[in-house]
Number of protein chains: 2
Amino acid sequence: MNRRGLDLMKCKLLSHSPLEVDDLAAIDALHYEQRRLEAGSYILREGDPSKICPVLFSGFAFRHKITANGGRQIVAVKMPGDALDFQSIFVRHADHCLQALTQIEIATVRIEDIERLFVDYPNIARAIVVDIVIEASIGREWLLNIGRRNGFTRIAHLLCEIHFRLAITGTGLLADKLPLTQEQLADLLGLSPVHVNRCLKALELRGAIVRQGRSVRIRDLGALRSIAEFTDLYLHSDDS
Amino acid sequence: MNRRGLDLMKCKLLSHSPLEVDDLAAIDALHYEQRRLEAGSYILREGDPSKICPVLFSGFAFRHKITANGGRQIVAVKMPGDALDFQSIFVRHADHCLQALTQIEIATVRIEDIERLFVDYPNIARAIVVDIVIEASIGREWLLNIGRRNGFTRIAHLLCEIHFRLAITGTGLLADKLPLTQEQLADLLGLSPVHVNRCLKALELRGAIVRQGRSVRIRDLGALRSIAEFTDLYLHSDDS
DNA sequence: CGCAGCATTGACAGGGGTCAATTGGCGTGG
DNA sequence: CCACGCCAATTGACCCCTGTCAATGCTGCG
């Protein structure tokens, strides 16, 4: 069976926390069920009780919340190797929805198994919490991004972030195309789809990105970084 | 010596996590130094190494981040009883600034002492992580608030949140006045000070709040809740 | 090859930002 | 106890960024 997903997760955890051989062995020994989900499938809905902790093998997923009058805000994006819901270990109900962005493959691990790892393996426990803390840090940067940067800069910043986060497990956005529609970008950035389109056009005029068909690709990472004044400190990628 | 602050913290932790007698005793045995800080004092700056974990005895504090061109965004507000920086246990450098909002009293505990609690007392470890997870959940709601609600609704939502969070340790905002200037409200909500003023005026016209002098007070919590479509699910106040 | 859904564009409007002047509250010093 | 000065709040004028609406192009898929 394909274990690439768990390897990616180990890679992610190792990027910020020191794990020993027996820690890694314990992760390898995890029992899980692999499933493939179509783009748009719900993995978890707001208010659901916590039962599983899915790990993302391939594809992208996201968390979102919805306003009473229908406004949707994406509050986190998850990438291959990410554990999708460590927090279920700690609270009874989900405070947001978790949904597949592209077609994805996930491994569902029973929450009790993760809890056992948390109790029995201090290094893993720490790695899990570091993971939660880093996601929170990314959330804070998003608050700054949405609250205090204009559309143009905001998009540039997001593209930088996705690039650097993908780089942690090997690839970056320079190589791949962005797996987000403009409507999803809009929900992610607190903008309207139309305005996202305008800003993307402006970024292309500046030579920072290329658009071909329905896909976006980074062309000049340096330009993008300087537009966004991007620093990757908040990703804590070399912290321990 | 005044132990009211640590009692408040125990109260906060107990509101979401079951702690036993010996857990509470371990907290009581913590060695700490009490300090008083003026409004505006920095407790921690972005990039600082992690050395201490302050607990807020009285007054309010906040986290903020700054854009390269000077825009400031407040990304969290902390209230009496809150531990201000559990996350320092897990990452090497601060990714944001931590500052006193009003005059405050804090107890500084050495990070090693908290780490020891984390390792030796599983219940406390869990309570600490739950605390981190809840702060992250609040951050997600703020993303929704800033990204998808207009100024008027956005302020109403914030006032509701502060009221309910204060209620966890006994008081609510109905009784007290809001300890935030309009400029701070602006930085908190991703608005301009002028627009905050306009929205507050509108909220007063609706009868939801009262303003006297420089202070804001909730007058009709029900009205405020229905304007903001407020639910306190994301505060996880009765989760375990 | 035709349809469905996303992307693109223009026109227009409004929420919210900016600037600047004025008011008002409150602490401080005389 | 009053006057002064500072800082926050308030207000009006103006404009731009961004949202909304609607029409038109694309493009990938069945």
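None of the values given here were measured: they were computed from a predicted structure. Every chain is numbered from 1 and lettered A, B, ... according to where its sequence line falls, protein lines coming before strand lines.
Of all nucleotides in DNA chain C, those with any atom nearer than 4.0 Å to a heavy atom of chain B start and finish, going 5' to 3', at C/dG16 to C/dG25.
Residue contacts for B/Gly71: at a heavy-atom cut-off of 4.0 Å it reaches no nucleic acid atom on any strand shown. Here B/Thr181 lies in heavy-atom contact (under 4.0 Å) with sugar-phosphate atoms only.
Residue-to-nucleotide proximity on DNA chain C shows that, of A/Arg148 and A/Leu200, the 5′-proximal contact is made by A/Leu200. Along DNA chain C, the nucleotide nearest A/Asn197 and the nucleotide nearest B/Gly151 are compared for position; the residue whose nucleotide lies closer to the 5' end is A/Asn197. When each of B/Arg211 and A/Arg149 is assigned the nucleotide of DNA chain D with its nearest heavy atom, B/Arg211 is the one assigned upstream, toward the 5' end.
Overall, the helix from C/dC1-D/dG30 to C/dG30-D/dC1 carries an axis bend of 40° between its ends, with five pairs at each end and the value rounded to 10°.
Using a cut-off of 4.0 Å between Lys/Arg side-chain N and Asp/Glu carboxylate O, A/Lys65 and B/Glu141 are scored as salt-bridged.
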Test B/His16 against B/Asp131 for side-chain hydrogen bond (donor to acceptor under 3.5 Å, both in side chains), laying out the working first. CA-CA 8 Å; B/His16 54 60; B/Asp131 208 72; 3.3 Å; yes
If you apply the rule ring-ring contact (aromatic ring centres under 6.0 Å, His included), what do you find for B/Phe57 with B/Tyr32, and how did you get there? CA-CA 12 Å; B/Phe57 273 42; B/Tyr32 64 89; 5.8 Å; yes
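Environment of CD in B/Glu229: crowded, with over 12 heavy atoms of neighbouring residues, nucleotides or ligands closer than 6.0 Å. Counting heavy-atom neighbours within 6.0 Å of B/Arg72 CZ, excluding the residue itself, gives a total above 12. By the 6.0 Å contact criterion, CD on A/Glu183 is open, its count of non-hydrogen atoms from other residues, nucleotides or ligands being 12 or less. The environment of A/Arg219 atom CZ is sparse: at most 12 non-hydrogen atoms of other residues, nucleotides or ligands sit within 6.0 angstrom.
Protein atom CG of B/Asn150 is 16 Å distant from nucleotide atom C1' of D/dC17, rounded to whole Å. Between the CD atom of B/Glu183 and the C1' atom of D/dC6 there is a distance of 14 Å, rounded to whole Å. Following rounding to the nearest Å, B/Arg214 (CZ) and D/dC6 (C1') show an atom-to-atom distance of 9 Å.
The closest donor-acceptor contact from the side chain of B/Arg211 to the backbone of B/Glu204 lies at 3.5 Å or more, if one exists at all.
For a distance-only test at 3.5 Å, the side chain of A/Arg198 qualifies as a donor-acceptor partner of the base of D/dG19.
Taking the six-membered ring for Trp and the full ring otherwise, B/His64 and B/Phe62 have centroids separated by under 6.0 Å.
Taking every side-chain heavy atom of A/Leu191 into account, D/dG19 is the closest of D/dC17, D/dG19, D/dA9.
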